[in-house]
Amino acid sequence: MTGRRARPAATRYDRIYAIVRRIPRGRVATYGQVAMLAGLPGRARMIGYALAALSDGSGVPWQRVVNAQGRVSPRAGGSGHEVLQAVMLRREGVRFRKTGVIPLAVFRWHPRLRGR
DNA sequence: ATGCTGACTATGT
DNA sequence: TACATAGCCAGCA
């Protein structure tokens, strides 16, 4: 095969999704953190775009990614996904301070070398 | 090709 | 604490 072309756009995000899938239940990671782990340092925004492009049933735990302030990032359009995200996280055991901030010192995911 | 937009972040005022 | 700016980059009209 010629090798290039005919590649779904989502493929470019596979590296990002692979990292997000490794975030365990009850833990969260920041966009910048995921970017760095995916080998895309400085491209935190791209993580948000990649997650926004996910479709239902993707199996990717997108709710476990929050911003650097430990807060659920507000979406445009008021789709309500930010509320769902908070609910899902609470169900997993992630606690929010009354200011709506998740204490990253407690819930942040600390990945270990993938070794499996 | 060009211009906008968008689930980010660090830094400066 | 709040707002403004500057990088970064893919998708789409």
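As the structure is a prediction and not an experimental result, all values here were calculated from the model.
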I'd like to know if Glu92(A) and Arg27(A) make a salt bridge, using a cut-off of under 4.0 Å between side-chain N and carboxylate O.
no
Which residues in residues 31-51 of chain A have at least one heavy atom lying under 4.0 Å from any atom of DNA chain C?
Gly42(A), Arg43(A), Arg45(A), Met46(A), Tyr49(A)
Does a side-chain heavy-atom distance below 4.5 Å link Leu89(A) with Phe96(A)?
yes
Contact class for Ala76(A) vs. all strands (heavy atom < 4.0 Å): base, sugar-phosphate, or nothing?
sugar-phosphate
Quick one about Gln85(A) and Arg75(A) (side-chain donor to acceptor, distance below 3.5 Å, no hydrogens or angles considered), yes or no?
yes
Pair Arg21(A)-Tyr17(A), side-chain donor/acceptor within less than 3.5 Å
no
Does Ile23(A) share a hydrophobic cluster with Val72(A), counting links as ILVMFWY side-chain heavy atoms below 4.5 Å and allowing steps through other members?
no
Same cluster or not: are Val65(A) and Val106(A) linked, directly or through other Ile, Leu, Val, Met, Phe, Trp or Tyr residues, by side-chain heavy atoms under 4.5 angstrom apart?
no
Quick one: [X] [atom1] to [N] [atom2], roughly how many Å, whole number?
| X | N | atom1 | atom2 | answer |
| --- | --- | --- | --- | --- |
| Tyr13(A) | dC8(B) | OH | C1' | 14 Å |
| Ile23(A) | dA7(B) | CD1 | C1' | 13 Å |
| Ile16(A) | dA7(B) | CD1 | P | 15 Å |
| Leu104(A) | dC8(B) | CG | P | 15 Å |
| Arg15(A) | dC9(C) | CZ | P | 16 Å |

If I pick the P atom on dA7(B) and the same atom on dG7(C), what distance separates them, to the nearest angstrom?
22 Å
